[in-house]
**Q** 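Got a structure for you, questions after.
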Amino acid sequence: MGVGRLLLNILIVLAAIGGGFYQLKLKPVLATLGIGRVIQPVGNTNCAAVAPELQACEKVVLHQPSGVIYLACSTRESRTHWLPNTLTLNNTGASRADYVATYDPKSQRVTKLKTLGFDSPRGLSLHGMDVVASTTNPSELYVYLVNHRAPLTGDANVVGADSSIEVFKTTLGGSTLEYVRTVDSPLIETPNDVTGSADGQEFWVTNDHGAKTGLVRQLELLGRSATSVVYCHATEGCKYAIKNMHGNNGITQAPNGTFYVIDSSGGKLSILDKQADNTLVITDVISTDRALDNIMVDSQGHVWAAGFPKALVLIQEHFKNPDILSPSNAFRFSINTGPGAFYGEKYKVDRVFEDDGTIASGTTSAVYDADRNLLFLHGIAADKLVICKL
Ligand SMILES: *[C@@H]1O[C@H](CO)[C@@H](O)[C@H](O)[C@H]1NC(C)=O
Ligand SMILES: *[C@@H]1O[C@H](CO)[C@@H](O)[C@H](O)[C@H]1NC(C)=O
């Protein structure tokens with residue numbers, strides 16, 4: 001049910017019980033979820049839909065030097081049955097043959113990468129992803145994938161998914177994904193997105209809830225901070241990098257090692273410092289007016305996030321029937337160099353793209369190539385890749 005009818009009912013009952021509680025707690029939550037928001041289109045007039053064979057791609061990662069994008073895709077049908085982060089856990093309806101694809105905007109070529117040496121019968125059911133060029137050989141790329149496997153025993157509706165992180169290697173321009181390793185750990189409980197290192201040895205993954213299943217998850221929407229980032233190393237295992245965050249979702253890092261983590265239902269971007277022991281410490285939090293998803297850092301150092309102008313439409317309607325359009329938007333976060341900086345407004349948040357869903361529906365990744373002025377949009381249950389010139 002996810003942020004479903006049940007929760008809405010709870011919210012309405014609570015709203016009826018206490019007006020003060022409504023003003024203080026619920027009103028901001030409902031506003032962040034998009035209730036009452038009017039869509040204000042921006043940046044959506046110079047866009048094109050391409051690559052119709054690429055469907056339901058939750059995460060898009062740009063390889064900046066080449067301009068090629070990597071996409072973690074599935075089928076739209078599968079998303080309506082198997083979306084563990086919204087408690088949609090119909091194991092028999094899940095695609096176990098999800099794939100990573102590349103799209104080169106210059107040649108318009110789509111390549112679905114074939115796995116090599118990955119023989120797990122549990123298959124691939126993809127969500128978050130990172131693609132990182134090796135420091136020793138820049139044409140060799142490590143691909144880190146969140147894989148929502150079915151549980152080995154028990155009913156998925158009760159025990160949840162048994163998700164893992166899969167590490168692969170590919171070459172720039174290649175058509176294969178060479179298997180490196182599977183990492184599973186009790187700490188990787190509800191993984192959403194991942195950011196990896198340039199040697200294939202370590203990664204940081206967000207858990208988007210504090211429990212795989214159960215009612216306690218619903219309390220997180222009201223502010224319970226139960227999500228985390230887990231750090232894993234190939235030989236040293238996994239540990240918490242940070243705990244007790246709220247709504248953790250997209251994660252990325254800048255070349256200088258600054259980390260960024262999205263609070264999805266809270267509509268916030270956290271900036272974190274990596275410590276010597278690979279744990280993370282929050283140094284700043286930037287608020288927005290709506291729910292957010294994946295993030296990336298462009299070549300100018302600006303952070304881009306996909307936003308949900310109407311999160312309830314996305315979750316309650318589009319996820320159940322992906323043909324129902326869901327409004328999309330993209331934010332750009334930058335350091336404020338204008339007059340406001342003097343008054344303590346350290347960051348500027350620009351709403352660079354917004355659309356009612358006709359041009360781009362259900363966007364969960366908004367990725368900007370600053371060198372070529374191209375904005376790439378795709379979504380977890382979306383039917384196409386959209387490219388806009390801004
Ligand atoms: C689960 O998925 C299967 C296969 O698509 C479908 O036949 C079945 O109706 C689904 N069950 C529920 C409860 O949606
Ligand atoms: C690290 O890089 C980001 C993105 O380019 C930038 O905003 C930030 O100021 C940098 N931090 C430091 C400590 O240099």
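Whatever order the structure lists ligands and atoms in, that order sets their numbers, starting from 1.
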**Q** Tell me whether R332 is salt-bridged to D298, with the criterion being a basic N under 4.0 Å from an acidic carboxylate O.
**A**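 No, no charged N to carboxylate O under 4.0 Å.
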
**Q** Which atoms of ligand 2 have any heavy atom of T258 under 4.0 Å away?
**A**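 This gives 1 (C), 11 (N) as the contact atoms.
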
**Q** Would you call the rings of Y231 and W204 parallel, tilted or perpendicular, taking 30° and 60° as the class edges?
**A**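 Correct class here is tilted.
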
**Q** If you count the atoms of ligand 1 from 1 in the order shown, which ones are under 4.0 Å from a heavy atom of T92?
**A**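 Numbered from 1, ligand 1 contributes 1 (C), 2 (O), 3 (C), 4 (C).
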
**Q** How about atom 7 (O) of ligand 1: does it have a protein heavy atom within less than 4.0 Å?
**A**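 Within 4.0 Å of atom 7 (O) of ligand 1, no protein heavy atoms are found.
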
**Q** Under a 4.0 Å threshold between the charged nitrogen and the carboxylate oxygen, would R149 count as salt-bridged to D162?
**A**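 Yes, charged N to carboxylate O under 4.0 Å.
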
**Q** Among all protein non-hydrogen atoms, which one is nearest to atom 5 (O) of ligand 1, and what is the separation to 0.1 Å?
**A**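 Heavy-atom neighbour on the protein nearest atom 5 (O) of ligand 1: H81 NE2, 3.5 Å.
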
**Q** Is it true that atom NZ of K114 has more than 12 heavy atoms of other residues, nucleotides or ligands lying nearer than 6.0 Å?
**A**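 Atom NZ in K114 is not crowded, with 12 or fewer foreign heavy atoms closer than 6.0 Å.
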
**Q** Out of all atoms in ligand 1, which are within 4.0 Å of some heavy atom of G93? Include the element for each.
**A**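 The atoms of ligand 1 under 4.0 Å from a heavy atom of G93 are 2 (O), 4 (C), 5 (O).
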
**Q** Please determine if R290 and E354 form a salt bridge, counting it only when a charged side-chain N lies under 4.0 Å from a carboxylate O.
**A**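 The answer is yes: the pair qualifies as a salt bridge.
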
**Q** Does ligand 2 have an atom that lies less than 4.0 angstrom from a heavy atom of Y260?
**A**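 Yes; Y260 lies near enough to ligand 2 that a heavy-atom distance drops under 4.0 Å.
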
**Q** Give me the residue, atom name and distance of the protein heavy atom closest to atom 10 (C) of ligand 1.
**A**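 Checking every protein heavy atom, the shortest distance to atom 10 (C) of ligand 1 gives N90 ND2, 2.4 Å.
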
**Q** List every atom of ligand 2 that sits less than 4.0 Å from any heavy atom of G301, numbering the atoms from 1 in the order shown and giving each element.
**A**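 In order of number, 4 (C), 5 (O).
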
**Q** CZ of R122: more than 12 outside heavy atoms within 6.0 angstrom?
**A**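 Yes, the 6.0 Å shell around CZ holds more than 12 heavy atoms from other groups.
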
**Q** Side chains of E140 and T171: any donor to acceptor distance under 3.5 Å?
**A**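 E140 and T171 do not have a side-chain donor-acceptor pair below 3.5 Å.
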
**Q** Could you check atom 14 (O) of ligand 2 against the protein and tell me its nearest heavy-atom contact, residue, atom and distance included?
**A**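 Its nearest protein heavy-atom neighbour is N256 ND2, 3.3 Å.
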
**Q** Distance under 4.0 Å to a non-hydrogen atom of I335: what atoms of ligand 2 satisfy this?
**A**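 Result: 7 (O), 9 (O).
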
